[in-house]
Asker: 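The following block contains the structure, expressed as structure tokens.
Heavy atoms only: backbone and side chains are in, while hydrogens, waters and symmetry mates are out. Chain naming here is simple, since letters A, B, ... match the order of the sequence lines and numbering starts at 1 in each.
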Amino acid sequence: MSRGDGNGEGGSQRHAPEQLALIRETVRERKERQPRAKPRTWRGAEMAERLPVARVLVDKGLVHLDRYFDYAVPAAMDEEAQPGVRVRVRFGAGEREGRREGGGLINGFIVERRADTDFTGRLAPIAQVLSPEPVLTPQLLQLCRAVADRYAGSLADVVQLAVPPRRAKAEKQPSQRRPAKPPVPEPGGWERYPDGPAFLRALAEKAAPRAVWTALPGPGGWADELARAMATTLATGRGALAVLPDGKSAARVDAALTALVGEGQHVLLTADAGPEPRYRRWLAVSRGAVRAVVGTRAAMFAPVRRLGLAAIWEDGDSSHSEERAPQPHAREVLLQRAVTEQAAFLLGAHSCTVEAAQLVESGFARPLAADRDTVRAVMPRVRTAAEGDEGRDPAARSARLPSLAWRTAREALVRGPVLVQVPRRGYVPRLVCERCREPARCTHCSGPLEAAGEGTALRCGWCAREVPQWRCPMCSGTRLRGSVIGARRTAEELGRAFPSVPIRTSGGAHVLESVPDRPALVVATPGAEPVPEGEAGYAAALLLDGWALLSRPDLRSGEEALRRWLGAASLVRPQGEGGSVVVVAEESMRPVQALVRWDPAGHALRELADRAELGFPPVSRMAAVTGSPEAVAGLLAAAGDAGLPEEAQVLGPVPLPVPEPGRPRNPGDPPPGELWERALVRVPRGSGAALAAALKTAQVGRLTRREGPIAHVRIDPLDIG
DNA sequence: AGCACGCCGACT
DNA sequence: GTCGGCGTGCTC
């Protein structure tokens, strides 16, 4: 069909399967269409002269509809119906009495204008152009496609994450034009890193350096340094994007960037701005009126023009992982962007994830860290205290504090606020060797062992194999311990130990942003630590959550504990100014040693080596398949037929624990009352794309053929034991 | 997922 | 001869 006017009979006949059907259809069209001379719909309408076909992405996340649909462009919409605009189209309708009807109007995006279509039926017309704003640009579309492929998801789902819902009011206003390029800023705090100035120089020369930056401790420095990297990029005329784990830290980088380049160069994209201001700011970016974005994870898709720098702060924070399908991670999306948009990449944190270590190890990024001397000069004094080591001090006993922790707090409280990090509720303990505290692992697949109930045999949480007689591979011990969840009561008991000191708490629903620089006990759960006002920092920190953090049944528990501790310890004054940290945990444990030495990168490298040995992510790529036993088995079988890589290893399936009632359900969690299973599929690094493709093909096949219940697929599952 | 089409049994 | 059950397949 050369013209998508919908009246031509050629389209419906040309590929008719057999002669009979062809004749029947022709007869019916003749017979039934002619008497209806004046249909009120599109049939009489003029179609666009040039490029009368619009290829449309319909806004339905269903994986088996993950393709484009062609629609005819009415002449009246010719001008506005450009690639990238939002449209409404009829979808899902059948054909009756020779004309289209039924089928709801759904939203979509035009991705392309074409001269012809390969669809053999008759094209329906676009019902409405919602707005002439080309929001889904080719580059953003390309990014969404890549993310959908990596995560075995549908394009429409990713586009929903990437393009915010429309706000007509915001679209009507023009975006203010940006001011001139700002000057190249001074390197500032980057001088503290041997390779820091060189990194900035590379940015200033429009190169695309990639770095994993281990930020020095201190409450304020990192935000300013991140802003300086962005400002340097802006000075070249290119754009910059920084993604932060929460609105609080995003606001700090935003403020630092404003101090460097003034207003008008950048926007803050966070949820707490409200939908309309947020869309206005997003539009300013999309229109090219603003070239820099500071935001939380949804900003990872921000359509920054000529991206020169993609940055992420604290990539180990779980809020960088999107909850909505297909659950992409900001670090992975920004990596993708840095490569395809040829931008610089900066991953910064006080701690270091295994993924970050791997970026360095693989040669993709260079480490950006300070010398040991510099680290020692700014880090607090860090000491360990054994659990239950309460000494003879009655006050320490009443607070259930090790005596070192109690003495440290008492001394520090003369000079300033003292942070007390306490465990959060709901940490599940994992089984460890009672003697040496080595986590109990399956001898077959290295999954975590679980006790199904009192007196029952041990079972692997991954492959479900039973382990009747466990023996520790490190010390040959045979007894296991499940660590006790830390008592939150400690916070209250502190009040009795320090009766004259004000106590402030931060955590859960009541998170304090900052506290005055005055003596006080500040009790906070990990991640909710208030920043002390001024530049000084806490006089001391007590990290009381050691066991709770280290005994979580998660591959990342060590990394996560260290990250939490470093986050708190980074807010403490340098050793030279009396800053002191006491961590209550077993001294010999790897994350504890890494904290004492302040060596997050070294810790991550050692973890990475372990993962390589055990075949864990990120050295391998994993996918989790959850659903009813039938759904999981069906999908795995279909994936096998759909080109699952030969090296793929299927672990499990194992029954999924029933989620606690009242907890918000995540995608992939079983609905109440249903017993679900989970299987893990593991492939070597490099076969990740093939894994995602096979799972998606399997999913599509089963959905279209309606084979049994549907399974949920998650690439890079977070909680794999 | 919706939704229409179509090929079989109860009813006028 | 017609209405309507829900199994099957498509959605421009």
Asker: Separation of Y68(A) atom OH from dC10(C) atom P, in whole Å?
Answerer: 22 Å
Asker: Classify R67(A) by what it touches in the nucleic acid, base, sugar-phosphate, or nothing, heavy-atom distance under 4.0 Å.
Answerer: base
Asker: Stacking between dC12(C) and F69(A), yes or no? Criterion: centroid separation under 5.5 angstrom, plane angle under 30 degrees.
Answerer: no
Asker: Check the distance between dA1(B)'s P and D66(A)'s CG and give it to me in whole angstrom.
Answerer: 15 Å
Asker: Ring-plane angle category for H329(A) and H320(A), please: parallel below 30°, perpendicular beyond 60°, tilted otherwise.
Answerer: tilted
Asker: Once you round it to whole Å, what is the distance between P of dC12(C) and CD1 of I110(A)?
Answerer: 16 Å
Asker: Is there a donor-acceptor contact under 3.5 Å linking the side chains of Q173(A) and R280(A)?
Answerer: yes
Asker: Find the distance R88(A):CZ to dT11(C):P and express it as a whole number of Å.
Answerer: 21 Å
Asker: So E355(A) and R556(A), salt bridge (Lys or Arg N to Asp or Glu O under 4.0 Å) or not? Walk me through it.
Answerer: CA-CA 11 Å; E355(A) 285 81 1; R556(A) 295 180 177 278; 2.5 Å; yes
Asker: Select base, sugar-phosphate, or nothing to describe what L703(A) touches, counting heavy atoms under 4.0 Å on all strands.
Answerer: sugar-phosphate
Asker: Provide, to the nearest angstrom, the distance between the CG atom belonging to L57(A) and the C1' atom belonging to dC12(C).
Answerer: 13 Å
Asker: CZ of R122(A) versus P of dT11(C): gap in Å, rounded?
Answerer: 13 Å
Asker: The criterion is side chain to side chain contact (heavy atoms under 4.5 Å, CB included); which residues satisfy it with A692(A), sequence neighbours excluded?
Answerer: A152(A), I715(A)
Asker: Starting at atom NZ of K60(A), determine the distance to atom C1' of dC10(C), rounded to an integer number of angstrom.
Answerer: 12 Å
Asker: Between dG9(C) atom P and L65(A) atom CG, what is the distance in whole Å?
Answerer: 16 Å
